[in-house]
Every structure is written in C-alpha cells, then in structure tokens.
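Atoms within each ligand, like the ligands themselves, are counted from 1 in listed order. Both backbone and side-chain heavy atoms feed into the values below; hydrogens, waters and symmetry mates do not.
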Amino acid sequence: MNKIAVIGSNMVDLITYVDRMPSQGETLEAPGFAMGCGGKGANQAVAAAKLGAGVLMVSKVGEDMFAANTLANFQRFGIDSRFVTQVPGVSSGVAPIFVQSDSHNSILIVKGANAHLKPADIDVAEAALRDCQLIVLQLEIDLATVYYAIAFAKRNGIPVLLNPAPAIAGLSREHLSQLDFFIPNEGELALITGRVVDGAETALIAARQLTAEGVRHVIVTLGEKGALYVGEEGEFHVPGHKVAARDTTGAGDAFIGCFAHYWTRNGDMRNAITQAVAYSACSVTGLGTQSSYPDATQFAQFLDHL
Ligand code: RIB
C-alpha cells in the first residue's frame with residue numbers, strides 16, 4: 001500500500017451558510033450551520049485515506065471537548081494517529097467558516113494546539129516517517145516546524161510537498177528551493193513570488209521563477225480552470241470541469257490529498273494532477289470539507305458521469 005505522511009493541522013470547522021456577510025454592527029439571520037472535522041492537514045490526510053492510501057498523521061489536539069472527536073475521526077478513516085497528541089491547557093484548532101450562496105467561502109482560523117506542533121514531534125515520529133513515500137506540509141502550524149520537516153525529509157531522502165496555505169509572505173527561499181513539490185493556488189503564488197498572477201499565463205511565469213530557484217515540480221491550482229504543471233517533466237495544463245458548485249471549502253485540500261495518493265501509487269505526474277483536478281471538482285458539489293470528499297467508489301462514479 002502507498003504510504004503518505006501529513007505533518008500539519010487539524011481544526012474543528014464551524015460552518016455558517018449565509019445569504020450575505022453582515023455589515024459592522026448588524027445582526028443577520030443565516031439559513032444554516034454545520035460542524036465538521038477540518039484543518040488543511042487533516043483534510044488532505046482524509047482525502048488520501050478515503051481514496052485508499054495508508055496515511056500517517058503528525059498533529060496536535062487541545063484539551064477540550066473537540067479533541068476526542070478529532071482523534072475518533074482519524075481512526076474512522078484508518079489514519080495512523082499514534083503521533084496526534086494532546087496539548088494540556090489549550091484549545092483545539094477551530095475555524096469559523098462562512099459559505100455564501102454562490103458557494104464561495106471566507107475562513108478564520110484559530111490555530112490553538114496546532115501552534116504547539118514542534119520539531120521535537122517530528123523526531124519522535126522519525127521511524128514511522130521514514131516508512132513513507134511522501135511528506136505533505138501546509139502552513140497552519142509553526143513555520144519553524146515546517147522548515148524542520150523539509151530538512152528532515154531531505155536528510156532522509158523522502159520526497160516533500162508543501163501546500164503554502166494559508167499564504168505567508170517572506171517564506172525562506174533556501175527551504176523552498178529544497179521542495180520536490182510546491183502546490184499553491186494563484187493568490188498564494190502571487191504573494192510568494194511577488195508577481196501578479198491572474199490566470200494561466202501569469203501563473204506560468206511565476207511558476208518558472210520557482211523552478212529556476214530549485215523547486216522540482218510546481219503545480220498551480222486554478223480553481224474551475226484546472227491546474228498548471230511546471231517542472232522537471234515539462235510544462236502542461238490540465239483543464240478543469242464545469243460542475244454545479246455548492247461549497248468550495250476544502251477543495252484545495254481535496255486536490256492535495258488526491259494528488260498525493262495517485263502520485264505515490266503510480267508516480268505518473270500527469271495522471272495524478274488529472275485525478276486531483278477531478279477530485280476537487282467533485283468535492284465542491286457537496287457541502288462541508290471532509291464530508292464532501294468522495295471515497296474511491298464514489299469518485300469512480302463521478303468520473304463515469306463527467
Ligand atoms: O482549506 C479548508 C480548511 O481551512 C478548513 O477545513 C478550515 O479548517 C481551514 O483550515
């Protein structure tokens with residue numbers, strides 16, 4: 001079985017469906033609410049696990065009523081959560097999310113326990129991590145831990161993928177240049193390269209800058225327009241799919257989890273990106289984050305009807 005490690009966040013998603021955002025000082029009734037397991041790291045782990053990958057999660061939960069549910073959720077999907085540990089006296093990560101009727105979302109994150117995931121936690125999981133074919137990272141934990149994980153992966157010859165979400169300006173070029181995979185969306189790519197990115201053409205120029213700096217494979221997610229690849233395997237665009245979108249929350253994470261699964265399973269870059277574009281399109285047709293991710297059977301049905 002292919003094996004992926006995710007070193008990253010988990011959050012409790014508090015999702016309010018709104019007709020519009022309230023203005024300052026206004027109280028507004030909203031049509032719906034849902035609570036679910038989220039966090040970019042956990043979402044990516046669950047997407048890969050739902051598709052059939054073996055997944056190892058390294059993460060932190062707080063000391064509150066959410067912790068047990070998060071751990072149970074990892075176990076429900078067969079994710080190895082031996083290295084998901086509790087931080088006493090702090091809250092778990094939470095994410096109030098607002099989804100508008102046009103399917104677009106606004107997200108606030110409170111890192112809580114996620115801010116306590118430290119380099120020492122990677123050392124504790126070292127033997128299990130060495131067993132994995134890919135280490136997947138995001139930016140909802142301490143940056144020092146992300147940099148340590150990149151160095152750990154390089155030292156141990158394990159391919160490493162960074163999804164720079166949520167975007168942070170001023171990421172260390174030295175660490176970025178060591179990445180095997182860098183998978184931003186257009187906004188993240190613009191912030192990180194300091195260039196205008198407003199479509200496939202400008203994304204191509206910005207992505208080339210990163211490969212020139214040493215990143216082996218840059219994949220830019222373009223929402224409904226698909227994804228762009230620039231790297232050692234050339235340059236190509238995978239077109240998106242027109243679907244009836246209901247909730248776009250977590251679509252980027254669906255892409256990463258699916259890409260990680262297919263790439264570690266067959267090493268075919270174009271195929272992994274093609275599957276990931278379709279998987280994230282499928283995810284926006286459902287509500288919620290992890291709850292909208294299809295398993296392998298549901299995904300096969302979705303592909304049949306494309
Ligand atoms: O990418 C979507 C995720 O961002 C949500 O699940 C939320 O928890 C935030 O981490």
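Looking only at heavy atoms of the protein, atom 10 (O) of ligand 1 is closest to E140 OE2, 2.6 Å. Scanning the protein for heavy atoms near atom 4 (O) of ligand 1, the closest one is K40 NZ, 3.0 Å. Protein heavy atom in closest approach to atom 2 (C) of ligand 1: D253 OD2, 3.3 Å.
The distance criterion of under 3.5 Å between nitrogen or oxygen atoms is met by N43 with respect to ligand 1. No N or O atom of M11 sits closer than 3.5 Å to an N or O atom of ligand 1.
Counting only heavy atoms from C-beta outward, the side chains of I109 and M11 approach each other to under 4.5 Å. Put simply, the side chain of V84 does not reach to within 4.5 Å of the side chain of K60, judged on heavy atoms. You'll find the side chain of Q138 reaches within 4.5 Å of the side chain of V6, heavy atoms only.
Within a 6.0 Å radius of CD in E26, more than 12 heavy atoms belonging to other residues, nucleotides or ligands are found.
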Exercise. Quick one: do Y17 and F98 satisfy ring-ring contact (aromatic ring centres under 6.0 Å, His included)? Show the steps, please.
Key: CA-CA 6 Å; Y17 294 92; F98 303 91; over 10 Å; no
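Which parts of ligand 1 touch T289 is read off a 4.0 Å heavy-atom cut-off, strictly below it: atoms 6 (O). Near G38, with a cut-off below 4.0 Å to any heavy atom, the atoms of ligand 1 are 6 (O), 8 (O). Within ligand 1, the atoms closer than 4.0 Å to a non-hydrogen atom of A95 are 7 (C), 8 (O), numbered from 1 in the order shown.
Side chain of D64 to main chain of S92: a donor-acceptor pair is present (N/O by atom type, distance under 3.5 Å, no hydrogens or angles).
Remark: distances from the non-hydrogen atoms of G39 to ligand 1 include one below 4.0 Å.
Nearest to atom 5 (C) of ligand 1 by heavy atom, out of N105, T248, D13, N10, is D13.
In this pair, Y279 and Y293 present their aromatic rings tilted. The plane angle is within the 30 to 60° band.
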